[in-house]
Amino acid sequence: MRRVVYGCAMSLDGFIAGPNGEFDWIVMDPDMDFAAMMARFDTFLIGRKTFEAMVRMGSGAQSTPELQNIVCSRTLRPSDFPDVTISADAAAVVRELRETAGKEIAVFGGGELFRSLHADGLVDGIEVAVIPVILGGGIPLIPPPINRAALKLRSHRIYEKTGSVRLDYDFLR
């Protein structure tokens, strides 16, 4: 069964974006191998708000033969984005994807999307890069309310050049 992993960068005070959705505070450590990190995945589940931010920045979520992007939204109309796969039922999509062959599935952007999938027991891991900055407000890693969950540390790494720390956890079931 394919694993579903929620991953993101987070400020030390628990935010994945600033008060206005900004992410300019996320430092890119030269020792982070993003190509290797992303090679584990062939499917990205994208929350509506993250997708809308991507559109504002001029990028979309078009799929390529080696990568499938699915925008999870109950309000976006597929006819407005004909080059993007939009699903109104994220849980059903994940259940279907988990039963098909492929690489891991990434929950990309969207604490609310993560929260809903977690409530259905559909997330296997959470991977967070803690960036040494305090934002004082913004979009939380996980917006409340959230069901309590026990986690087990799978791995960690300190990036000396930027002071960022990567923490990878598995959900205990």
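No hydrogens, no waters, no symmetry mates; every other heavy atom, side chains included, goes into these values.
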Could you check F15 against I139 for side chain to side chain contact (heavy atoms under 4.5 Å, CB included), going step by step and ending with a plain yes or no? CA-CA 5 Å; F15 298 101; I139 300 170; 5.6 Å; no

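- D13 places a side-chain N or O within 3.5 Å of a backbone atom of G136 that can act as its donor or acceptor partner.
- Of all non-hydrogen atoms in G125 and R3, the two that sit nearest each other are CA-NH2, 4.1 Å.
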Run T85 and V93 through side chain to side chain contact (heavy atoms under 4.5 Å, CB included) and show every step you take. CA-CA 11 Å; T85 301; V93 165; over 6 Å; no

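- A search for salt bridge (Lys or Arg N to Asp or Glu O under 4.0 Å) contacts involving D80 returns R77, not counting sequence neighbours.
- Salt bridge status for R2 with D124: absent, with no side-chain N to carboxylate O gap under 4.0 Å.
- Hydrophobic clustering, with ILVMFWY side chains joined whenever heavy atoms are under 4.5 angstrom apart, keeps M1 apart from V5.
- Residues that satisfy the salt bridge (Lys or Arg N to Asp or Glu O under 4.0 Å) test with R166, not counting sequence neighbours, are E127, D168.
- Under the side chain to side chain donor-acceptor pair (under 3.5 Å) criterion, the residue pairs touching residues 106-116 are K49-E112, with sequence neighbours excluded.
- Residue pairs meeting the ring-ring contact (aromatic ring centres under 6.0 Å, His included) criterion with at least one partner in residues 113-135, sequence neighbours excluded, are Y6-F114, F114-H118, H118-F171.
- To the nearest 0.5 Å, the span separating OG1 on T100 from CG on D42 amounts to 7.5 Å.
- In this structure the side chain of L45 reaches within 4.5 angstrom of the side chain of L117, judged on heavy atoms.
- Here the closest non-hydrogen pair linking M38 and F44 is SD-CZ, 3.5 Å.
- Take R56 and apply the salt bridge (Lys or Arg N to Asp or Glu O under 4.0 Å) test, not counting sequence neighbours, and it matches no residue.
- Under the side-chain contact (heavy atoms from CB on, under 4.5 Å) criterion, P78 pairs with I86, sequence neighbours left out.
- Residues forming a side-chain contact (heavy atoms from CB on, under 4.5 Å) with D120 (at least two apart in sequence, or on another chain): A91, R95, L122.
- Between K103 and A39, the shortest heavy-atom distance links the atoms NZ-O, 3.0 Å.
- In terms of the side chain to side chain donor-acceptor pair (under 3.5 Å) criterion, R157 has no residue partners (sequence neighbours excluded).
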Between L113 and T50, does a side chain to side chain contact (heavy atoms under 4.5 Å, CB included) hold up when you go through it step by step? CA-CA 10 Å; L113 175 58; T50 300; over 6 Å; no

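- Note: D89 CG to R74 CZ = 9.0 Å, rounded to the nearest 0.5 Å.
- The two residues L67 and F41 have their closest heavy-atom pair at CD1-O, 4.3 Å.
- The shortest side-chain heavy-atom distance between I131 and S11 does not fall under the 4.5 Å cut-off.
- With sequence neighbours left out, F81 forms a ring pair (Phe, Tyr, Trp, His ring centres under 6.0 Å) with F51.
- With sequence neighbours excluded, the residues satisfying salt bridge (Lys or Arg N to Asp or Glu O under 4.0 Å) with D31 are K161.
- Distance CD1/I126 to CD1/I142: 4.5 Å, rounded to 0.5 Å.
- In this structure, L153 is a member of the same hydrophobic cluster as I158, with clusters built from ILVMFWY side-chain heavy atoms closer than 4.5 Å.
- Between S87 and A90, the shortest heavy-atom contact is OG-N, 4.2 Å.
- For the atom pair CG (N69) and CG (D83), the distance works out to 12.0 Å, reported to the nearest 0.5 Å.
- In this structure, F23 has no ring pair (Phe, Tyr, Trp, His ring centres under 6.0 Å) partners at least two apart in sequence or on a different chain.
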Does the pair E52 and L76 meet the rule for a side chain to side chain contact (heavy atoms under 4.5 Å, CB included), with working shown? CA-CA 10 Å; E52 288 174 340; L76 292 178; 3.8 Å; yes

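- When all heavy atoms of G137 and P19 are compared, the closest pair comes out as O-CD, 3.4 Å.
- Between the CG atom in L141 and the CD1 atom in I146 there is a gap of 9.0 Å [rounded to 0.5 Å].
- Counted within 6.0 Å of CG on L151, heavy atoms from surrounding residues, nucleotides or ligands total more than 12; the atom is thus considered enclosed.
- Distance CG/D170 to CZ/R154: 4.5 Å, rounded to 0.5 Å.
- Listed by chain and number, the residues in a side chain to side chain donor-acceptor pair (under 3.5 Å) with E22 amount to none (sequence neighbours excluded).
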